[in-house]
Amino acid sequence: MLTRRTFIFSSLGGIGVLVGAPLMGGALVSEEYIITRILRHYIGEPLMVPGAAERFAKDFAPVMWKGDGIKAVVFKAFLVSPFYFSAAIRNRLPASFNSSIEWLERRVVTAFFASSDFYGDPRQLSKPINYVLYRDTPLCNPFARVHDASVTAASS
Amino acid sequence: MKINFIDPASIRDAYDLVVVGTGFGSLFFVQRFLERSGDSVRVLLLERGGYMSREEQLAQGRNFAGEVEDYIDVPAGHKPWNFTLGLGGGTLCWWGQTPRFHPSDFEMLTKYGVGRDWPVSYADLEPYYCEAEYFMGVSGDSVRVGPYWRSRPYPMPAQPASDVDLKMRELYPDQLAWPNARVSIVGGPRPQCCAVGNCRLCPMDSKFTALNGFTGLFSDPRVNVAIDANVHIIETEAGVASGVVFTSKSKEYRVKGKTVVLGANAIFNPMILERSGITHAVLGKAIHEQYSVSVEVQFADLIGINGGTSSTGFYAGYLDGPHRSSVGAASLSFDNRFKQYGLRTDLKKLANTVEIVVSSENLPESQNYVEVPSDWKTKPIVHHLDNSEYAKRGVAYALERLPALLAPLNVESISKPRLRLTESHIQGTTPMGKNPDDSIVDTHLAHHKVRNLFVVGTSVFATCSMANPSLTAAALSLRAADWLTA
C-alpha cells in the first residue's frame, strides 16, 4: 500500500526528474548544437551549404549567451526539448519568456545571414547559403539597393 | 595624411586664433577663418584627446582610446552621455544625419510660449546650411523638402528609399528623405554608402569626418595641432581673452592668442569657463538632448530595410503645429538597418521589418546641469535625472498616432517602445541669446562680456530641436567666422 510519505517522496522525486532533467540537459548541451537546431528549424538544410551551419555555430557559440548565467540554462533546456517545435505549447508560455526565445532565434538567424554570402536577390533564396565570417557587426545589408553609375550629382 | 602636429614644448609665440577642441564647431569656424585670412595668420588647435587614424579606429572598433567615464561623473540613476575625445571630436562618431532645424524651432517662445527664442532665424542660417552641406557632401531630396525651404539643391541626390519608405511617400507628403553626409552616388567625394548600418565606424569611409573632410585644414602651413592638450583656463586681462593655460603630459603650458575659440563640448565648455572665472547664472545649466524610444514594426508584404543607407526616411507631420505649446514636436525616423531587432525568422518575410525611432524635442530645464568641482583635476559631474514632461508628451503623441498612420501599410505588429538612453547629442549649457542677462554668447557666438572669446558647438543651443545638431553647429560656426573676418 502506498503510504502518504512514499507518495510525497515519489512525487517530489518525479517533479525533480521532470524539472531537473531538462535543466541538466540544458546545462550540458552545447551552444553549437542549439544554434544549428535553430538554423535547421528556420532556414532548413536545402538552403544551407553542407557544414555551413556547423562552422557558423562554432564561431557564434562563444558570444551567444554572454552573461546570461542561469537564464541561459533555462533557455537551453527549452530549446532542446520537444516542446520547442510545438506552437500550442509556445502560445501558452509567459510572453516575456517567449519574447526572450524569439529574440534569441532572431539573433541566430540574423547573425547567420549577415555573416554569409547571402547577396544578390535575397527574396529569391535560390541558392544554398554559405557561411563566410562571423563579426559582431553585420558585414553587409544584403537587401540594400544603391544607385548605379547613371545617377549623378546633377540628379539632385 | 599630413597633420601639422606641434609639440607643446616648442610653442613659443602667440597665435591669431587659439582653438580649444576639434569637433564640428571648431573646425568649421577655423575653415572659414582660414579662407578669409592671409598667409601670415597663425592658428593653434588644442585637442584634449589623441589622434587615431581611421585604420586604427577600424582595427580597434572604437573612435577614441578612452572611456566617457574617465572624463565625467554621472550620479546613479541619472542619464548617461556619450562623446568622443580625439582629433575630429564628434565628426568621428556621428552617424552623419544632417537635418536642418525646423524654421519654428528658432522662435519657440514667440510662437508657442515655451522655451526661448534663438537670436538667429532659419533665414539667417539658410545660406550657411547650404555651405556646410556642400562642404560635407550631403545627400538629400531637393524636390520634396517639406518645411525646410532651401536656396540651392543638395550636392547629391538622396539614397534609394526602402519599400516601406516609398509607400509612406506615396501616402503622405510629410514623409521626407533623411539628408545625410554619406555619399549616395558612384564617383562622389568619398566612396558610395554601402548601407551596412554601422555608421559610427563607417567601413567605406563614405561618411564625412574630420579625417576625410578637413585634410586641407590639418595640413595648412598656418595651422598647428597639439594633441593631448587639456585646456583648463582661458586667461583674460581687463575683460579681454589673452590666451589659454593647458596641461600636456603633466606639464603646464601657456599660449597667447588674439582670439580664443572654445569648442570642447557642452560639458567641458562651461567647465572651462567656470574655472576661468568667466561665470554666469545660466552657465552649465539646462544640459539637454532629445528624448527617444524605438519600436519595431512588422509588415505582411513590405520590405523595410532595402534602402540605400542606414536611415532612409522620416515623417515630419508632427514636427510643428499648435500642439507644441504643450507637447514636444516629434519625428518618426524609418531606420534601414536590422542590428537592433534582427531579421525575422519567417523566410518569406525575412526583411519585412523596420525600426522606427520616435524622437521628441526637449525643454531645457535648469535642474539638469554640469557641476564643476573647483579642483581642475576633478571630473565634472553631469546631473540629469529626467526628461521634461513636454518631451514625454511629444513621444506619447506620436506613438498614439502611429497605428493609424501605418494602417494602410498592412502592418502585422508594432512592438512595445524601448527607451533609448542617449542620442549622443550634448546640448545647451552656454546658450546663445540677445539678452546678456540670460545667455552666454550673442548671435555671432561671441561671449557677451569677453568679446574676443567665441564659444562654438552644440553648447550654444538655446532650445532642443528634434533635429540632430551637427549641421546646425557647423552652420553657426561658418556664420560666426564670417562675422569675425568681415
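Labels below follow one simple rule: chain letters A, B, ... track the order of the sequence lines, proteins then strands, and each chain is numbered from 1. Note that the structure is predicted; figures quoted are calculated from it, not measured. Hydrogens, waters and symmetry mates are skipped; everything else that's a heavy atom, side chains included, is used.
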**Study point:** Partners passing ring pair (Phe, Tyr, Trp, His ring centres under 6.0 Å) against F56(A) (at least two apart in sequence or in another chain)
**Key:** F60(A), F112(A), Y131(A)
Study note, to complete from the structure: On a heavy-atom basis, the closest approach of H147(A) and V186(B) is O-CG2, 4.0 Å
Revision key, fill the gap. One should read off an interatomic distance between F113(A) CZ and F338(B) CZ, to the nearest 0.5 angstrom, of 10.5 Å
**Study point:** Carboxylate-amine/guanidinium contact E105(A) R344(B), below 4.0 Å
**Key:** no
Point to revise | Heavy-atom closest pair, residues N141(A) and A195(B) | key: CB-O, 3.2 Å
Review point. Does atom CZ of F83(A) have more than 12 heavy-atom neighbours, drawn from other residues, nucleotides or ligands, at distances under 6.0 Å?
Key: no
**Study point:** Interface residues of residues 409-420 of chain B facing chain A - non-hydrogen atoms under 4.5 Å apart
**Key:** R418(B)
Point to revise | Salt bridge flag under 4.0 Å for residues D163(B) and R145(A) | key: yes
Revision key, fill the gap. Honestly, the part of Q192(B) sitting under 4.5 Å from a heavy atom of chain A is side chain
Review point. Would a distance-only check, ignoring hydrogens and angles, find a side-chain to backbone donor-acceptor pair under 3.5 Å from S155(A) to P157(B)?
Key: no
Revision key, fill the gap. Honestly, the part of S310(B) sitting under 4.5 Å from a heavy atom of chain A is neither
Review point. For the residue pair F143(A) and N306(B), what are the closest heavy atoms and their distance?
Key: O-CB, 3.0 Å
Point to revise | Segment of I43(A) engaging chain B (4.5 angstrom heavy-atom cut-off) | key: both
Exercise for review: Under 4.5 Å, counting heavy-atom pairs only, tell me which of P153(B), S139(B), P155(B) racks up the most with chain A.
Suggested key: P155(B)
Review point. Can you list the residues that meet the side-chain contact (heavy atoms from CB on, under 4.5 Å) rule with D141(B), with sequence neighbours excluded?
Key: V143(B), R144(B), A158(B), A177(B)
Check your understanding: Counting only heavy atoms not in K58(A), do more than 12 fall under 6.0 Å of its NZ?
Key -> no
Practice item. With sequence neighbours excluded, tell me which residues meet side chain to side chain donor-acceptor pair (under 3.5 Å) with E131(B). Key: R32(B)
Check your understanding: From Y42(A) OH over to L347(B) CG, what is the distance, rounded to the nearest 0.5 angstrom?
Key -> 10.5 Å
Study note, to complete from the structure: When every non-hydrogen atom of I185(B) is compared with those of A153(A), the smallest separation belongs to CD1-N, 3.4 Å
Review point. Under 3.5 Å, is there a donor-acceptor pair between the side chain of R106(A) and the main chain of T345(B)?
Key: no
Practice item. Between chain B and each of V108(A), V146(A), D148(A), V109(A), count heavy-atom pairs under 4.5 Å; write down the option with the most. Key: V146(A)
